[in-house]
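Source: prediction; values computed, not measured. All ligand and atom numbering here is 1-based and tracks the order in the structure.
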Amino acid sequence: MLNSYSFSGLSIISQDGFIQNSSIKIRNNRIAGIGGQKADYNIDFNNRYYLYPGIINVHDHLRGNYLPKVGPKNGNFYLNWSVWDYDLQHSKVRDEREKNTVQDLYLLSAYKNLFSGAITVNDHFPHAENEKYISVLPIRIITNYTLEHSCASFSLKWGDGIETEHKRAVEKNFPFIIHCEEGFDRETQNSLVKLEKMGCLDDHNVLIHCIGFSNSDIRKVSRAGASIVWCPGSNMYMFNVTCKIREILKAGINVSIGTDATHSGSANIIDEMQFARKTYRKIYSEDLDAKTIFDMVTINPARAFRIQDDLGSIAPDKRADFLVLKPRRRDPYEAFVNMRMQDIELLVLDGKPIYGMSAYKDFFEKNGSGFTRTRANKKEIYVKGDPAGLMKRIWKATGKKKHLKFIPLDL
Ligand SMILES: [Fe+2]
């Protein structure tokens with residue numbers, strides 16, 4: 001196993017800017033230095049690639065990534081999430097999805113994220129329901145969190161109650177994650193006020209969707225120092241509206257972009273970033289700059305989850321989580337936001353490669369076993385685990401040769 005190595009001849013991009021023709025040294029899964037001497041084992045990238053922190057997908061449901069989507073019919077939109085949930089529970093696509101094992105659904109979701117560069121993900125689901133499936137996944141799943149589904153009396157029973165879960169988050173320095181105001185009925189619209197009255201609104205809160213927020217709600221969230229998760233793909237599909245994102249950003253709130261599951265959201269985090277920008281332009285007739293979007297999938301989710309000392313940027317002593325990209329644009333943040341799955345050259349998680357082009361064969365082999373060689377986006381790749389074998393199991397279980405947009409394997 002390689003405990004120490006370096007990459008040279010690449011541009012390094014983080015929140016502080018862009019260092020051209022630089023190098024980075026990794027020791028014991030962490031960044032040992034930037035711009036210094038090369039290690040005995042070095043990969044030279046010949047100044048053709050950009051290196052970014054690995055993407056963090058702040059909001060997903062790893063049991064629910066399957067296609068097609070389930071949505072409102074006949075040009076109507078939903079009143080709240082529960083009507084969508086009813087449609088999902090009574091859909092043919094859910095019946096087909098449930099023919100697979102839960103473990104395979106978790107693997108499918110992990111690869112949805114991996115192939116789009118999202119190598120740290122939160123599965124918004126109870127610990128008791130997901131902990132037995134996450135240890136074998138090829139990406140990092142955040143395990144330090146408390147949660148509830150949402151605030152209304154009809155919310156799904158995911159936690160031990162808002163007050164208990166929030167108190168636990170404060171005691172353990174964890175995030176408290178909850179869907180908030182995903183709809184327009186009276187009770188859902190009152191969610192933030194309810195959290196405030198319970199004494200459960202502070203900087204531990206990670207509030208998902210927030211489409212019903214008034215300007216007064218936004219001021220309260222800003223004062224509390226809570227984080228907001230923006231999922232425009234899911235919001236526009238289900239409700240034809242999203243949160244007041246410009247006002248939320250102007251209030252200085254920590255905002256992250258999340259995909260939600262593909263039954264309502266975008267295919268993956270790349271599509272979601274691009275949809276977020278398009279949606280912002282459509283609503284406000286102005287551009288949301290690429291650096292803001294970059295922050296929303298790197299350092300902002302790290303702050304929301306209280307793991308910014310470890311993840312979310314490229315700096316000495318942080319965990320070695322990297323996305324190496326073949327840039328389509330010169331500007332590093334534009335290159336990032338405009339990437340496609342096939343532009344990802346290499347992904348490194350905790351110092352170990354988990355996905356990359358076949359040119360890095362030796363780097364994979366020096367990092368032990370557990371990889372397969374296959375084809376994706378018409379290229380030979382190495383990947384942790386066996387996504388091709390997974391797809392074949394899915395085909396067998398469902399009796400359908402299913403191709404999912406977020407799995408780019410050439411099968
Ligand atoms: Fe969700």
Side-chain angles (χ1 to χ4, degrees), residues 56-67 69-72 77-89 91 93-94 97 105-106 108-110 112-113 116 118 120-127 129-130 134 141-142 145-152 154-159 162 165 175-185 188 191-192 195 205-213 226-239 241-243 245 255-269 271-273 275-276 279 296-297 301 304-305 406:
I56 302 172
N57 182 5
V58 75
H59 185 61
D60 202 340
H61 304 280
L62 299 189
R63 209 166 163 153
N65 283 301
Y66 209 71
L67 287 168
K69 291 184 180 189
V70 174
F77 292 95
Y78 291 128
L79 177 67
N80 62 38
W81 64 269
S82 70
V83 198
W84 171 82
D85 192 51
Y86 179 89
D87 282 354
L88 175 68
Q89 301 305 326
S91 66
V93 63
R94 187 183 179 279
R97 190 192 84 190
L105 292 175
Y106 267 84
L108 188 65
S109 296
K112 159 194 138 170
N113 281 290
S116 64
T120 298
V121 175
N122 181 245
D123 177 31
H124 189 212
F125 214 47
H127 291 284
E129 301 285 339
N130 69 14
I134 56 181
I141 307 298
I142 288 168
Y145 63 90
T146 72
L147 88 168
E148 267 303 332
H149 174 270
S150 53
C151 288
F154 51 88
S155 82
L156 305 177
K157 305 303 169 206
W158 280 5
I162 289 172
E165 293 281 332
F176 169 62
I177 305 168
I178 185 165
H179 294 117
C180 193
E181 300 203 11
E182 190 186 12
F184 302 98
D185 62 278
T188 301
S191 297
L192 193 81
L195 285 174
N205 294 44
V206 179
L207 305 169
I208 302 148
H209 300 309
C210 311
I211 60 175
F213 274 13
S227 292
I228 283 180
V229 174
W230 184 30
C231 306
S234 177
N235 299 158
M236 295 306 290
Y237 183 68
M238 289 166 63
F239 304 103
V241 71
T242 190
C243 60
I245 185 64
V255 178
S256 309
I257 290 174
T259 58
D260 223 340
T262 57
H263 278 313
S264 65
S266 298
N268 59 28
I269 197 74
D271 278 12
E272 190 72 33
M273 285 195 290
F275 187 80
T279 303
M296 286 176 174
V297 298
F305 291 142
F406 51 81

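- In summary, His61 places an N/O/S atom under 2.8 Å from the Fe ion (ligand 1), meeting the contact criterion.
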Applying side chain to side chain contact (heavy atoms under 4.5 Å, CB included), run through Asp60 and Lys112 and close with a yes or a no. CA-CA 11 Å; Asp60 202 340; Lys112 159 194 138 170; 3.0 Å; yes
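- Side-chain atoms of Tyr78 come within 3.5 Å of backbone N or O of Gly71 as a donor-acceptor pair.
- Within the 2.8 Å limit, His209 places no N, O or S atom next to the Fe ion (ligand 1).
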Evaluation steps, side chain to side chain contact (heavy atoms under 4.5 Å, CB included), between Glu148 and His179: CA-CA 8 Å; Glu148 267 303 332; His179 294 117; over 6 Å; no
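- Residue contact annotation: Asp260 places an N/O/S atom under 2.8 Å from the Fe ion (ligand 1).
- Residues His127 and Trp158 place their aromatic rings such that the two centres sit no closer than 6.0 Å.
- Within the 2.8 Å limit, Cys231 places no N, O or S atom next to the Fe ion (ligand 1).
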